[in-house]
Visitor: 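My questions will all concern the structure given below.
Positions are given from 1, in the same order as the sequence printed here. Order of appearance sets the numbers: ligands from 1, and atoms from 1 within every ligand.
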Amino acid sequence: MIVQRLREIQNKFGFLPDKALRELADEIKVPLYRLEEVSSFFPAFSLERSNPPQVEMRVCRDMTCHLRGSAKLLDPDKGLPAVAAELSARTGKSVCVEGVSCLGRCDRAPAVWVETRPLPKGVHAWVYAQANKAQLTEVLTALADGKAPAEPDTDETYEPFTNSNRPHAEVKISATETGRAAGWSLDVYGRQKWPRDYRAVKRFTDYLKALGRPIPKPPADMGPKDLDTFVSRYHPLMYELKTANLLGMGGAGAPAYGKWLDVWRAFSDTGEKYIVCNGDESEPGTFKDRELLLRMPHLVVEGMILAGLMTGAGAGYIYIRHEYFEQIHAIEEEIERAKKLGACGENVFGSGLDFDLQAYESPGGYICGEQSALIEAMEDKRSQPRNRPPELTTNGFRDKPTVVNNVETLAWAPAIVMFGGGGYEKGGWTDSTKAVKVGGRRLFSISGDVKRPGVYEVPIGMPLRDLVMEERFCGGLVNGALRAVATSGPSGGLLPAKVPCPNLSAEDRAGIVDGIAKRSKADADLMKWFLDTHVPPGAKEFDLLDVPLDLTFYRNMQSAFKLKVEPMLGAAIVVYAGDVDLLAEAVNFTEFYRNESCGKCVPCRLGSQKMVQIGTDLLKRRDAGKPCTGDELKKVTGDVLDMTKTLQLTSICGLGYVAPIPMATAVTYFANDVQKKPRG
Ligand code: SF4
Ligand code: FES
């Protein structure tokens with residue numbers, strides 16, 4: 001694979017030397033332009049002609065790091081770039097400090113990545129977290145002087161906050177080894193104190209052996225009801241995913257069962273099918289998969305094997321962002337362990353089925369997390385999203401049926417196979433009167449102005465208030481009263497602490513609930529409970545903290561409350577309190593999308609820049625004492641909302657869809673910040 005070979009060269013030298021590229025082209029017999037085509041796309045690859053600096057520090061400039069002052073660290077005159085300039089002049093070495101997109105350490109913001117060229121043997125990079133300017137100056141000075149820098153902040157030594165009552169307790173891995181468990185119900189082995197022996201895979205292979213023949217395939221034209229009966233009868237362990245109603249945990253929330261079923265049923269002319277784990281986790285504010293990959297790699301590996309055996313795929317790739325180098329090693333080691341146990345590779349547990357599994361180190365870049373762009377990168381192309389249809393479940397990796405699942409989605413599979421989908425469903429939230437019940441559990445990464453930023457497993461449907469305020473979770477706010485929450489990293493923009501809503505009559509309420517009930521009675525019950533409990537007659541707003549952490553509820557909120565901007569719920573929650581400047585934060589979110597747009601389609605490429613320009617102009621005018629107000633502000637708001645619609649209708653992928661949302665929420669909900677700078 002070209003991309004993987006380029007990544008190896010980049011890791012070895014810290015850049016891509018021309019000579020190494022020519023040698024690679026000769027060795028793998030591809031024209032040099034193919035290597036140029038790929039290497040020039042990924043920002044994490046440094047070409048020799050770009051004169052990569054000898055010492056390079058990259059400071060995360062996104063959400064939580066921005067909130068924690070990374071813009072000051074990056075100030076060209078008073079920040080680290082000025083230090084770098086002095087060091088370059090004194091030592092004669094090229095020393096550079098620049099911004100970078102989220103490094104996945106948002107719970108320890110600001111996060112910083114440091115490399116030297118050449119890197120000392122055995123060093124991938126140095127990562128520092130929550131370091132101040134003086135400490136980072138020492139790191140730069142040491143490296144510029146050719147000395148070892150301060151000890152980095154590794155993920156392995158960092159104990160993140162969790163809601164576990166047995167935080168990273170020692171548990172048995174095998175007869176002779178011990179490991180650590182977070183105490184989440186997702187970690188079925190830690191919870192049950194079982195050795196990590198791949199018993200969910202064993203359960204499936206035992207089922208196959210007892211069946212004594214391949215699982216029969218349903219006829220292609222079978223209707224949904226008959227299909228359910230068929231799968232529950234002949235493929236009962238896969239059907240447990242449906243019982244669980246396990247949704248994709250990467251953001252889009254597509255049912256995991258649907259993808260597995262489609263790939264199992266899909267025709268492949270060569271018989272090839274693939275499973276890809278999307279561990280590219282690059283959305284600012286998201287870091288839950290970092291913990292799963294590092295501390296519970298056995299769950300991810302077992303989820304991959306289950307997906308492979310159940311869908312008939314013979315090979316799988318665990319695609320991990322390159323900044324998670326500790327996690328890549330943990331997964332590689334776990335794959336080797338699984339192979340030794342007979343749970344992976346040829347003839348898995350004597351079933352006659354093979355499943356080859358390997359880790360895949362991402363070339364780098366947020367767009368690689370888009371599932372079709374990720375497949376493009378794996379096919380040695382520029383990582384640009386595909387037009388769909390066809391879907392990946394029929395025409396994915398190498399044009400073959402492919403499941404792409406998020407790390408957490410796969411990590412839930414062993415628990416579901418061992419205890420059934422009903423067990424997962426029962427883990428959801430119910431209100432104190434037991435009037436409503438929501439199914440399932442999931443992880444959230446939460447950071448920003450809370451006492452204990454971390455990764456928490458929560459019952460789906462639990463109010464945001466519990467996650468933010470309760471001692472077993474984040475333990476409350478810091479820096480003042482709540483102002484806003486980004487409930488889906490930057491992609492949902494900023495929702496205000498008090499969400500405006502129209503005065504809803506009894507008729508309106510009944511209409512909202514009846515409308516939702518046509519799709520799902522459980523969702524309608526939840527909305528009814530919310531309206532009855534938190535939106536009394538005459539209310540013109542409701543409290544964001546009361547909103548259930550449920551993806552479908554968020555999807556129903558826009559039409560129910562006539563919100564001008566679509567609210568979103570993702571795996572990343574960032575909390576903003578006190579006198580934070582929310583216009584500046586929204587511009588920061590928009591800059592992220594502008595920077596990460598792959599440029600394939602015009603609306604996103606130009607629209608994201610236009611949104612940055614609008615936000616920057618509003619900021620400049622406000623700070624110069626000539627804010628945009630009155631009719632002019634109304635016009636700008638209208639323009640932003642119109643542009644939002646245009647981008648959402650015309651962009652190829654989700655990045656273009658969400659790129660305008662931060663500015664749309666800023667002008668809709670935070671007009672005060674547009675007109676007057678908060679003290680902070
Ligand atoms: S929407 Fe943006 S990121 Fe997505 S394909 Fe178009 S230009 Fe690329
Ligand atoms: S590491 Fe900075 S926002 Fe994630």
Visitor: Give a yes or no on whether Cys604 keeps an N, O or S atom under 2.8 Å from atom 6 (Fe) of ligand 1.
Guide: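 No N, O or S atom of Cys604 is closer than 2.8 Å to atom 6 (Fe) of ligand 1, so no.
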Visitor: Taking only heavy atoms of Ser597 into account, list the atoms of ligand 1 that are under 4.0 Å away from them.
Guide: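 Per the distance check, 2 (Fe), 7 (S).
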Visitor: Which is it for Pro385 and ligand 1 at heavy atoms under 4.0 Å: side chain, backbone, both or neither?
Guide: side chain
Visitor: Please determine whether a side-chain nitrogen of the Lys or Arg among Asp673 and Arg483 lies less than 4.0 Å from a carboxylate oxygen of the Asp or Glu.
Guide: yes
Visitor: Do Tyr319 and Ser362 have side-chain N/O donor and acceptor atoms under 3.5 Å apart?
Guide: yes
Visitor: For Ser651, take its heavy atoms, then give the atoms of ligand 1 lying under 4.0 Å from any of them.
Guide: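 Those qualifying, in numeric order: 1 (S).
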Visitor: How are the rings of Phe589 and Tyr576 set to each other: parallel, tilted or perpendicular (split at 30° and 60°)?
Guide: tilted
Visitor: If the cut-off is 4.0 Å to any non-hydrogen atom of Gly656, which atoms of ligand 1 fall inside it?
Guide: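 So the answer, numbered in order with elements, is 1 (S).
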Visitor: Mark up the atoms of ligand 1 that fall under 4.0 Å of a heavy atom belonging to Gly599, in ascending order.
Guide: 7 (S), 8 (Fe)
Visitor: In ligand 1, which numbered atoms sit nearer than 4.0 Å to a non-hydrogen atom of Ile367?
Guide: 3 (S)
Visitor: Heavy-atom contacts with ligand 2 below 4.0 Å: which residues, ordered by chain and residue number?
Guide: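 Those residues closer than 4.0 Å to ligand 2 by some heavy atom are Cys60, Asp62, Thr64, Cys65, Cys102, Leu103, Gly104, Arg105, Cys106, Ala111.
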Visitor: Is there a donor in the side chain of Tyr324 and an acceptor in the side chain of Glu281, or the other way round, less than 3.5 Å apart?
Guide: yes
